[in-house]
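See below for the structure under consideration.
Small disclaimer: the values here were computed from a predicted structure and weren't measured.
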Amino acid sequence: MKTNMFTRRQALQATAVLGTALFLPIGKTEAAVLPPADNTPPLTPDEIAAIDAALGKKGSYKEVEAVYTIPLPRNDLKMKIKGEPVPIPFGFGGWVSFKKTVDGKSAMVMSDTVLQMDEVNPLISAAHANGLEIAAIHNHFFYEEPRIFYMHIHGMGTVAEIAKKYADTIRDSKLFPANQPAPSAPATITGKENFDLLALDAIVKYTGTVNGPTYKYTIGRADLKIIAMGVEMTTNIGLNSWASFAGKQEDAHIAGDIAMLQSEVNGVIKILRAHNLAVVAVHNHMLGDEPHMIFLHYYGRGNAATLAQGFRAALDVLGKKNGGMDNMKM
């Protein structure tokens, strides 16, 4: 009971601060960045084993962030965009992550779930029945078939408690690993063959990851310290910007997400549109985060190098004074 009271108090405090910040001039919200926090205590082998046992699937541990993540791809779906098939790794793979609070007294579960429309409200009811909360429900795409929504679920408690609560929440859904079809054979042609990886890396200035026929960049906000309910939000628990490529170098799809401070939102929108990338959603992913983060989803089609330039230009807006909007008249 103590843990729940602590969590709600922290959330209320954060909400009060954010409510004030909304009335400040845009540039002022940048001053809300928190000082560096102490290192987060690591998850123990027993805690990781408890997560694996609850979900029936093993994940990966990022020691530098003290985050354990299990992917939850929707391999049961056959996705299309504007009638053209696209692979599940392009942007239809959910996940669940676990991380301790900075003081080590509690832990967070954070998840992004991939849902068809008729699956959304049953999962809301299951989450609430198991003591978890809904942080966001939104789209990531336009023109996808079937229509997909993404729901962020979070909760606090001991690692074993929240792993069981999360497993019980998704147990009767297609998200639960045991309810998914067996993975298909690995793609014979992968993102390594589909794209000029060295050329894309030179543009983005990061190295991506090949995932089946796709190539993906996942980039954190090392310039920020974001705390939500006592947890330091880092790359692998959802604080990141990403770009996923599907198709071929000459005829590619790009989809992704940009993690922004409020003051950066319209600067990012402006630069994406200047690079002919479609803005498809602007929303929150988390509750109680300080400073409050906004996430933007985008989509584009064309030569992969040209699309990568648009993603890189959006990254260049982040961390700039006034969010890159110095020339915008207000």
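To the nearest 0.5 Å, the span separating CG on Asn211 from CD1 on Ile88 amounts to 11.0 Å. With rounding to the nearest 0.5 Å, the separation of CD1 in Ile162 from CE in Met156 is 7.0 Å. Leu43 contributes atom CG, which lies 11.0 Å from atom CD of Glu63 (distance to the nearest 0.5 angstrom). To the nearest 0.5 Å, the span separating CG on Leu318 from CD on Glu264 amounts to 5.0 Å. Here Arg273 contributes atom CZ and Tyr298 contributes atom OH; the two are 14.0 Å apart, rounded to the nearest 0.5 Å. To the nearest 0.5 Å, atom NE2 of residue His297 and atom CG of residue Asp257 are 3.5 Å apart.
Using a distance-only test at 3.5 Å, with no hydrogens or angles considered, no donor-acceptor pair links the side chain of Thr214 to the main chain of Ser244. Checking side-chain atoms of Lys216 against main-chain N and O of Gly256 turns up no donor-acceptor pair under 3.5 Å. Asn179 contributes a side-chain N or O that, together with a main-chain N or O of Ser173, makes up a donor-acceptor pair within less than 3.5 Å. For Asn130 (side chain) and Leu132 (main-chain N/O), no donor-acceptor pair under 3.5 Å exists by modelled atom type. Using a distance-only test at 3.5 Å, with no hydrogens or angles considered, a donor-acceptor pair links the side chain of Gln180 to the main chain of Lys174. With hydrogens and angles ignored, the 3.5 Å screen pairs no side-chain donor or acceptor of Ser111 with any backbone N or O of Ile153. A donor-acceptor pair is defined here as one N or O able to donate and one able to accept, closer than 3.5 Å; such a pair exists between the side chain of Ser241 and the backbone of Ala259. Proximity of a side-chain donor or acceptor of Asn139 to a complementary backbone N or O of Val280 within less than 3.5 Å is detected. Judged by distance alone, with hydrogens and angles left aside, the side-chain atoms of Gln249 form a donor-acceptor pair with the main-chain N or O of Asp196 at under 3.5 Å. In this structure, Tyr215 contributes its side chain and Gly208 its backbone to a donor-acceptor pair below 3.5 Å.
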- prompt: Yes or no on side-chain contact (heavy atoms from CB on, under 4.5 Å) for Leu197 and Lys192, after CA distance, side-chain angles and deciding distance?
  reply: CA-CA 7 Å; Leu197 305 189; Lys192 186 175 180 180; 4.2 Å; yes
- prompt: So Glu193 and Thr190, side chain to side chain donor-acceptor pair (under 3.5 Å) or not? Walk me through it.
  reply: CA-CA 6 Å; Glu193 291 76 41; Thr190 71; 2.8 Å; yes
query: Thr209 and Thr218: side-chain contact (heavy atoms from CB on, under 4.5 Å), yes or no, with the steps?
result: CA-CA 8 Å; Thr209 301; Thr218 305; over 6 Å; no
task: Give the intermediate values and the outcome of side-chain contact (heavy atoms from CB on, under 4.5 Å) for residues His152 and His138.
output: CA-CA 9 Å; His152 294 258; His138 50 244; 3.3 Å; yes
- prompt: Are Asp103 and Thr101 close enough, and set up right, to give a side chain to side chain donor-acceptor pair (under 3.5 Å), and what steps lead you there?
  reply: CA-CA 5 Å; Asp103 62 13; Thr101 54; 2.7 Å; yes
task: Go through Asp289 and Leu239 one step at a time and tell me if the side-chain contact (heavy atoms from CB on, under 4.5 Å) criterion holds.
output: CA-CA 11 Å; Asp289 50 328; Leu239 183 65; over 6 Å; no
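For Glu161 and Lys164, the salt-bridge test fails: no basic side-chain N is under 4.0 Å from an acidic carboxylate O. A salt bridge is defined here as a Lys NZ or Arg NE, NH1 or NH2 lying under 4.0 Å from an Asp or Glu carboxylate O, and Asp168 with Arg171 meets this definition.
By the 4.5 Å heavy-atom criterion applied to side chains, Arg312 and Tyr206 are counted as neighbours. Between Asp52 and Ile70 there is a side-chain heavy-atom pair separated by less than 4.5 Å. Between Leu55 and Tyr166, some side-chain heavy-atom pair lies under the 4.5 Å cut-off. Considering only heavy atoms from C-beta on, Arg74 comes within 4.5 Å of Gln116 through its side chain. Residues Met79 and Ile81 fail the side-chain proximity criterion, which asks for heavy atoms closer than 4.5 Å. Within the 4.5 Å cutoff, side-chain heavy atoms of Ile226 are placed close to those of Met293. With contacts defined as side-chain heavy-atom distances shorter than 4.5 Å, the pair Phe311/Leu315 qualifies.
The hydrophobic clustering, which links ILVMFWY residues whose side-chain heavy atoms are closer than 4.5 Å, places Trp242 and Leu72 apart. The same ILVMFWY cluster, assembled from side-chain heavy atoms under 4.5 Å apart, contains both Ile124 and Ile170. Under the 4.5 Å side-chain contact rule for hydrophobic residues, Met286 and Leu261 share a cluster. Under the 4.5 Å side-chain heavy-atom criterion for ILVMFWY residues, no single connected hydrophobic cluster contains both Ile148 and Met117. Ile254 and Ile258 fall within a single hydrophobic cluster, where Ile, Leu, Val, Met, Phe, Trp and Tyr are joined by side-chain heavy atoms under 4.5 Å apart, directly or via other members.
His275 approaches Ala313 most closely through the heavy-atom pair CE1-CB, 3.4 Å. Between Leu175 and Val114 the shortest heavy-atom distance is CD2-O, 3.6 Å. Counting all heavy atoms, side chain and backbone alike, Thr40 lies closest to Lys100 at CG2-O, 3.3 Å. The two residues Thr69 and Ser97 make their nearest non-hydrogen contact at OG1-OG, 2.7 Å. In terms of heavy-atom proximity, Pro73 sits nearest to Lys57 at CD-NZ, 3.8 Å. The shortest non-hydrogen separation linking Asn284 to Ala135 is ND2-O, 2.9 Å.
Ring orientation note: the planes of Tyr217 and Phe245 are nearly perpendicular, at an angle over 60° on the 30°/60° scale. In this pair, Tyr61 and Tyr68 present their aromatic rings tilted. The plane angle is within the 30 to 60° band.
The cationic atom of Arg301 (NZ for Lys, CZ for Arg) does not lie both less than 6.0 Å from the six-membered ring centre of Tyr299 and within 45° of the ring axis.
Applying the side chain to side chain donor-acceptor pair (under 3.5 Å) criterion to Tyr150, with sequence neighbours excluded, gives no partner residue.
Annotation: ring pair (Phe, Tyr, Trp, His ring centres under 6.0 Å) contacts involving residues 80-122, sequence neighbours excluded, comprise Phe90-Phe141, Phe90-His253, Phe92-Phe141.
Considering Lys225, Glu65, Lys62, Arg221 in turn, Glu65 is the only one that fulfils the side-chain hydrogen bond (donor to acceptor under 3.5 Å, both in side chains) rule with Thr234.
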